[in-house]
Engineer: 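Once you've had a glance at the structure underneath, I'll fire off some questions.
The residues of the chain are indexed from 1 along the displayed sequence. Just so you know, these numbers come straight off a predicted model, no measurement behind them.
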Amino acid sequence: MTGGARPYDGVALRDARTRVIVRAILLLALGSLLTLLDSIAVILEVYAVLLVVSVLFLRWSSRRLFVAAALVAATGKAGTFLLSGMLPDPSEDGAGFIVDLTLQGTYPAFIWAAFILLGLGVGRLDLGSRRVRLRLIAAGALMAAIGYGGAWASSQLHSVATSQEDVYASIEPVWGEDIDITGLSCQEYEEGAVYCSSPGAVEGNSSSTGFSELVSQLTDQLVGADPHSGTPFEALGSSGVALLILALCLLMPRTLRRPLYPVAAAGTMALTLYTAHAVALAFTQNYLYEQPTRLYGVLVGGALVFAIAWRRWLGQGPLERLLSGVSKRANTASANQTPVLAPHEARSPV
């Protein structure tokens, strides 16, 4: 959309920015609707924010984008943890939605910006070059090895240093009525679980926590590579896996393309299938817990069959067509509003 290996400039860049921003608005609206279903942790709203942010970097070179992605991946988790700890309770000032999207949600934009920058950088490369593809394989394998290898090593060292597991294993459980909470301030933080502290301690939000205490807790937040943890190790490792898969797909021989056509067809309408799965899961929650394997097979099989049929007879996916059509019309309307100099107003150098 923005020029690939040859970034757009001038009017073409303006038009590309318009299309990206319009798509972001549509994704935000769709994501908000899917969130109401409460079936999955919806990422579309975060994508919308990141698409708008990406507009600022459309003229950057691959090298600059890769450096920026590395910096965000290295500092994102620490930044979100410290900022979340120092901010007041967002529910009190109506900023909860913004804070959740950028800092505290399942997909905090402050961390996920690294993946957008990395993707932009890869998109600026000559992906038709075999040399570039081989370099992506090497880089992806190295990043995955360092990321997940470092995550394992950091977890082992952290476990030895804290020995928390041994401490908790030695604690015998007791009944709630046997615990004296007189004088303590308690509140429920999840169903069936209560957090109690002495008066004046943390109350409901970590904003009361001092900066020095937050820094002392920071190490616990930066080790390992659990899914969605956002640690530097997880960001590096998952980025490496993504690059590796992308490069292998680009190098795939033609003989394998026909057998993998169902997967390729599904890939052309990822937004449509994502939305369909979110809706389907909203009405199949019981099956999700009672028969997860069967539900998984039905959802994946249904997605592939739908994608093959739609791609063959109707082409572009329904939601993809909607986004593309609306963004093009918005771009046309924007272009029609651009003032054009009349012939007598034009100026030419002599």
Engineer: Check for me, please, whether M86 and L222 land in the same ILVMFWY cluster - side-chain distances under 4.5 Å, paths through other members count.
Structural biologist: yes
Engineer: Side-chain contact test, heavy atoms from C-beta onward, threshold under 4.5 Å: evaluate it for L299 versus L281 and give yes or no.
Structural biologist: yes
Engineer: Using a 3.5 Å distance criterion without hydrogens, assess whether the side chain of T272 forms a donor-acceptor pair with backbone atoms of L319.
Structural biologist: yes
Engineer: Using a 4.5 Å cut-off on heavy atoms from C-beta on, say whether the side chain of V326 contacts that of V22.
Structural biologist: yes
Engineer: With a 3.5 Å distance limit and no angle check, can you tell me whether S54 reaches the backbone of L51 through a side-chain donor-acceptor pair?
Structural biologist: yes
Engineer: Rounded to the nearest 0.5 Å, what separates atom CG in L251 from atom CG in L256?
Structural biologist: 12.0 Å
Engineer: Decide whether R329 and S324 meet the rule of one side-chain donor and one side-chain acceptor closer than 3.5 Å.
Structural biologist: no
Engineer: Looking at side-chain heavy atoms only, is the closest gap between I111 and K77 below 4.5 Å?
Structural biologist: yes
Engineer: Would you say L34 and L273 are hydrophobically clustered, going by side-chain heavy atoms of ILVMFWY under 4.5 Å?
Structural biologist: no
Engineer: Are there more than 12 heavy atoms of other residues, nucleotides or ligands under 6.0 Å from atom CZ of R59?
Structural biologist: no
Engineer: State whether the side chain of T284 and the backbone N or O of A280 hold a donor-acceptor pair below 3.5 Å, judged by distance alone.
Structural biologist: yes
Engineer: Quick one, S238 and F115 - any side-chain contact, counting heavy atoms below 4.5 Å?
Structural biologist: yes
Engineer: Given the rule that I, L, V, M, F, W and Y join up when any side-chain heavy atoms are under 4.5 Å apart, are V52 and V55 in one cluster?
Structural biologist: no
Engineer: Would you find a donor on one side and an acceptor on the other, under 3.5 Å apart, between the side chain of T75 and the backbone of L71?
Structural biologist: yes
Engineer: We want to know whether T268 and E320 form a side-chain donor-acceptor pair, criterion being a heavy-atom distance below 3.5 angstrom.
Structural biologist: no
Engineer: In terms of relative ring orientation, are Y107 and H228 parallel, tilted or perpendicular, with 30° and 60° separating the classes?
Structural biologist: perpendicular
Engineer: Answer yes or no: is there a donor N or O on one side and an acceptor on the other, between the side chain of R133 and the main chain of L250, under 3.5 Å?
Structural biologist: yes
Engineer: How far apart are the closest heavy atoms of A235 and A73, and which atoms are they?
Structural biologist: CB-CB, 3.8 Å
Engineer: If you apply the rule side chain to side chain contact (heavy atoms under 4.5 Å, CB included), what do you find for L30 with L271, and how did you get there?
Structural biologist: CA-CA 10 Å; L30 178 59; L271 178 63; 3.9 Å; yes
Engineer: Can you list the steps and then say if L125 with L136 is a side chain to side chain contact (heavy atoms under 4.5 Å, CB included)?
Structural biologist: CA-CA 10 Å; L125 300 175; L136 285 177; 4.2 Å; yes
Engineer: Side chain to side chain contact (heavy atoms under 4.5 Å, CB included) between W112 and I43: does it pass, once the steps are laid out?
Structural biologist: CA-CA 10 Å; W112 279 67; I43 195 175; 3.6 Å; yes
Engineer: Looking at L50 and A109, what are the two nearest heavy atoms and their distance?
Structural biologist: CD2-O, 3.7 Å
Engineer: What distance do S239 atom OG and L244 atom CG have between them, rounded to the nearest 0.5 Å?
Structural biologist: 12.5 Å
Engineer: Taking atom NE2 of H158 and atom OG of S155, what is their separation to the nearest 0.5 Å?
Structural biologist: 8.5 Å
Engineer: Can you check whether K328's main-chain N or O pairs, donor with acceptor, with R19's side chain at less than 3.5 Å?
Structural biologist: no
Engineer: Is the closest side-chain heavy-atom distance between V160 and Q156 below 4.5 Å?
Structural biologist: no
Engineer: Could you tell me which non-hydrogen atom of G121 sits nearest to which non-hydrogen atom of S62, and how far apart they are?
Structural biologist: O-OG, 2.9 Å
Engineer: For residues E234 and T231, determine if any side-chain heavy atom of one lies less than 4.5 Å from a side-chain heavy atom of the other.
Structural biologist: yes
Engineer: For the CZ atom of R23 and the OG1 atom of T18, what is their distance to the nearest 0.5 Å?
Structural biologist: 12.5 Å
Engineer: Is L103 close to F81 at the side-chain level, that is, under 4.5 Å between some pair of heavy atoms?
Structural biologist: no
Engineer: Does L243 share a hydrophobic cluster with I116, counting links as ILVMFWY side-chain heavy atoms below 4.5 Å and allowing steps through other members?
Structural biologist: no
Engineer: At their closest point, which heavy atom of I40 faces which heavy atom of A278, and how far apart are they?
Structural biologist: CD1-CB, 3.6 Å
Engineer: Quick one: are Q316 and M269 in side-chain contact, heavy atoms under 4.5 Å?
Structural biologist: no
Engineer: How close do G31 and L44 get, heavy atom to heavy atom, and via which atoms?
Structural biologist: CA-CB, 3.8 Å
Engineer: Hey, could you give me the OG1/CG distance between T255 and L260, rounded to the nearest 0.5 Å?
Structural biologist: 9.5 Å
Engineer: Begin with the C-alpha distance, continue with both residues' side-chain angles, and end with the deciding distance and a verdict on side chain to side chain donor-acceptor pair (under 3.5 Å) for E45 and S32.
Structural biologist: CA-CA 7 Å; E45 295 163 316; S32 299; 3.2 Å; yes
Engineer: State, to 0.1 Å, how close P262 and L304 come at their nearest heavy-atom pair, and which atoms those are.
Structural biologist: O-CD2, 3.6 Å
Engineer: Is V241 isolated, or which residues cluster with it under the ILVMFWY side-chain rule of less than 4.5 Å, directly or via members?
Structural biologist: Y148, I245
Engineer: Does any N or O in the side chain of S84 come within less than 3.5 Å of the main-chain N or O of Q104, such that one atom is a donor and the other an acceptor?
Structural biologist: no
Engineer: Hey, what do you get for OG (S39) to NE2 (H277), rounding to the nearest 0.5 Å?
Structural biologist: 11.0 Å
Engineer: Please check if atom CG in D126 has more than 12 non-hydrogen atoms from other residues, nucleotides or ligands closer than 6.0 Å.
Structural biologist: yes
Engineer: Run L134 and R130 through side chain to side chain contact (heavy atoms under 4.5 Å, CB included) and show every step you take.
Structural biologist: CA-CA 6 Å; L134 292 175; R130 182 177 179 83; 4.2 Å; yes
Engineer: Is the backbone of A41 close enough, under 3.5 Å, to the side chain of T106 for a donor and an acceptor to pair up by distance?
Structural biologist: no
Engineer: Decide whether L13 and L65 are clustered together by the hydrophobic rule: side chain heavy atoms of Ile, Leu, Val, Met, Phe, Trp, Tyr closer than 4.5 Å, transitively.
Structural biologist: yes
